[in-house]
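One structure is given below, encoded as structure tokens.
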Protein chains: 2
Amino acid sequence: MRSRPARGTGPGAGAGALDRDRIVAALLRLLDADGVDRFSMRRLAADLNVTPMSLYWYVDNKDDLLELALDAVAGEIELPDPAAGHDWRDDLRLLATAWRRVMVAHPWALRCYGEYLNIGPQSVRFARCARAVIARSPLPPTRWSTALSAVFQYVYGFTVMESRWIEGGRAIGRTADEFFSEVADSVTGVPGVEAAGGLLEQRGGLTLAQIRDQDFHRTLDWLIAGMTAAPS
Amino acid sequence: MRSRPARGTGPGAGAGALDRDRIVAALLRLLDADGVDRFSMRRLAADLNVTPMSLYWYVDNKDDLLELALDAVAGEIELPDPAAGHDWRDDLRLLATAWRRVMVAHPWALRCYGEYLNIGPQSVRFARCARAVIARSPLPPTRWSTALSAVFQYVYGFTVMESRWIEGGRAIGRTADEFFSEVADSVTGVPGVEAAGGLLEQRGGLTLAQIRDQDFHRTLDWLIAGMTAAPS
DNA sequence: ACCTGAACACCGTTCAAGT
DNA sequence: ACCTGAACACCGTTCAAGT
């Protein structure tokens with residue numbers, strides 16, 4: 001994955017010198033500002049006042065760079081304090097919520113998440129924490145990976161869809177909720193996406209963002225209840 | 001979305017003439033053969049023995065074309081027979097399994113699914129069926145969309161990850177299981193992706209594909225149990 | 001060790017023009 | 001109504017060369 005051993009960031013490095021950290025910093029700034037679609041090697045190089053090809057000394061290719069960026073945002077995810085003595089279910093919900101929050105803040109990362117392996121140090125840190133949480137559950141060890149996959153595959157799917165409304169709305173200058181309503185109204189009789197007006201009334205005057213939050217937490221509760229209920 | 005009204009496929013159309021159906025057929029063939037990454041307007045045009053720009057008479061842009069392709073594969077998903085009188089839970093499991101099967105068969109479609117709205121006629125057909133199934137559950141109507149979202153967001157997340165192993169393995173000439181094992185062995189102490197050998201032994205000599213199937217169905221059971229158990 | 005220049009083989013899309 | 005040619009403004013990456 002990494003093409004070169006990380007050179008020591010010793011005192012020799014001048015201020016304007018290119019190095020991995022400066023590259024990743026610029027990378028994250030560009031991705032947050034413009035998204036993955038508008039990101040390119042050439043733009044990143046321009047942003048660093050450097051020739052496109054100089055990047056290839058630090059990195060094998062574009063995918064490599066995106067994997068670095070993805071692991072960097074994984075580092076932003078807040079982990080629950082294991083010493084706080086919370087119920088394992090609460091810590092699992094905290095992990096899911098923190099993951100969702102970071103990915104909604106960096107939609108480009110969510111789009112990369114499905115493409116790469118995600119085995120960088122920050123991703124491992126997150127996974128290790130998740131494992132420690134599930135290990136405090138009453139589930140037998142044979143179910144640990146099943147349970148974690150269930151929760152985070154759901155969280156991933158949920159967040160991809162949520163992000164699609166937010167980004168789609170932003171693209172046409174609407175909020176996620178306005179965009180959702182417009183699309184929903186254009187498709188009548190579709191389950192799960194049925195007439196937005198009816199859906200809003202059913203849910204008692206909540207905003208769509210509040211409904212999304214409710215659904216997210218309710219489904220987590222369903223999963224946790226399901227996995228702890230039956231011996232199966 | 002569609003740039004032009006669909007012209008009648010009347011008897012006037014010659015054999016070699018370009019039309020929407022011929023375009024979509026070639027599109028699906030190319031996507032299945034080479035994937036989204038290698039697909040381009042120019043390759044599609046070449047495949048149809050036509051100039052790239054002629055495609056733009058039938059379609060607004062590349063995204064338009066991919067939305068058409070995505071809806072076309074949605075038409076391949078087998079729906080349960082509503083008259084068969086199955087338990088609603090079994091029909092929901094059938095829907096989830098059929099969705100997964102079609103998406104694994106067309107990995108490019110899975111990658112597009114997160115990007116587009118998916119409100120074409122075939123997607124609507126699928127959604128309408130899902131709604132009919134959940135309507136037979138004991139859940140109150142206010143929970144229908146929550147329940148369907150929960151299931152299909154999970155199924156989406158599961159299938160994206162499954163597809164990543166299959167595609168990643170194929171790219172380096174390995175099976176999904178070999179690829180998974182190699183990656184797992186390269187990352188020690190990671191929960192959910194921990195040492196493949198240990199995981200396989202724990203699960204009693206099953207192949208990874210069998211373990212994936214087990215996990216998929218078990219999680220569906222957890223979700224269904226969770227949503228039907230508590231009044232919440 | 002680190003960076004550049006020129007080049008290769010591509011992209012999606014616009015626009016004016018042909019038939 | 002349907003299709004083309006030429007052009008614009010891009011891509012990622014290789015390779016040989018500079019310092």
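Chain A is the first sequence line, chain B the second, and so forth, proteins listed ahead of strands; every chain is numbered from 1.
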Could you tell me whether Arg100(A) sits above the aromatic face of Phe158(A), with NZ or CZ closer than 6.0 angstrom to the six-membered ring centre and within 45 degrees of the axis? no
Tell me the interatomic distance from Lys62(B), atom NZ, to dG12(C), atom C1', rounded to whole angstroms. 8 Å
Work out which heavy atom in Leu223(A) is nearest to a heavy atom in Val151(A); give both atom names and the distance. CD1-CA, 4.1 Å
Might you point out which heavy atoms bring Thr207(B) and Asp177(B) nearest each other, and give the distance in Å? CB-OD2, 4.1 Å
Can any side-chain N or O of Thr51(A) pair as donor or acceptor with the backbone N or O of Ser54(A) at less than 3.5 Å? no
Would you mind telling me which residue lines up with the more 5' stretch of DNA chain C, Asn61(B) or Leu55(A), judged by nearest nucleotide? Leu55(A)
Using a cutoff of under 3.5 Å, can you pull out all pairs of nitrogen or oxygen atoms linking the protein to nucleotides 14-19 of chain D, with atom names and distances?
none

Rounded to whole Å, please give me the gap between CG in Leu18(A) and P in dC2(C). 10 Å
Taking the P atom of each, how far is dA9(D) from dC10(C), in whole Å? 22 Å
How close or far is atom C1' of dC10(C) from atom CZ of Arg43(B), stated in whole angstroms? 10 Å
Taking all non-hydrogen atoms of both residues into account, name the closest pair between Gly114(B) and Val160(A) and its distance. CA-CG1, 3.9 Å
Aromatic contact, Tyr113(A) with Phe152(A) (centres under 6.0 Å): no
OP1, OP2 of dC2(C) versus side-chain N and O of Tyr58(A): anything below 4.0 Å? no
Proximal nucleotide (of dC3(C), dT4(D), dA1(D)) relative to the Ser54(A) side chain: dC3(C)
Using a distance-only test with no angle check, is there a side-chain donor-acceptor pair under 3.5 angstrom linking Trp108(B) and Asp37(B)? no
Would you check if the side chain of Arg111(A) reaches a backbone N or O of Glu115(B) as a donor-acceptor pair within less than 3.5 Å? no
Please report the shortest heavy-atom distance between Pro52(B) and Arg42(B), naming the atom on each side. CG-CG, 4.0 Å
Please compare Arg42(A) and Pro52(A) by the position of their nearest nucleotide in DNA chain C and report the one closer to 5'. Pro52(A)
I'd like to know if the side chain of Arg38(A) and the backbone of Arg43(A) have a donor-acceptor N/O pair within less than 3.5 Å. no
Under a cut-off of 3.5 Å for both distances of each Watson-Crick or G-U pair, what dot-bracket string does DNA chain D give, using [ ] for crossing pairs and | for inter-strand pairs? ||.|||||...|||||.||
For Tyr154(B) and Asp215(B), work out which heavy atoms get closest and say how close. OH-O, 3.8 Å
What's the CG-P distance between Leu44(A) and dT13(D), to the nearest Å? 13 Å
Atom CD of Gln214(B) with >12 non-hydrogen neighbours under 6.0 angstrom: yes
If I pick the C1' atom on dA16(C) and the same atom on dC3(D), what distance separates them, to the nearest angstrom? 13 Å
Nucleotide dG5(D), atom P - distance to CE of Met41(B) in whole Å: 19 Å
Separation of dA1(C) P from Asp19(A) CG (nearest whole Å): 17 Å
Within residues 23-40 of chain A, residues whose heavy atoms come under 4.0 Å of DNA chain D: Ser40(A)
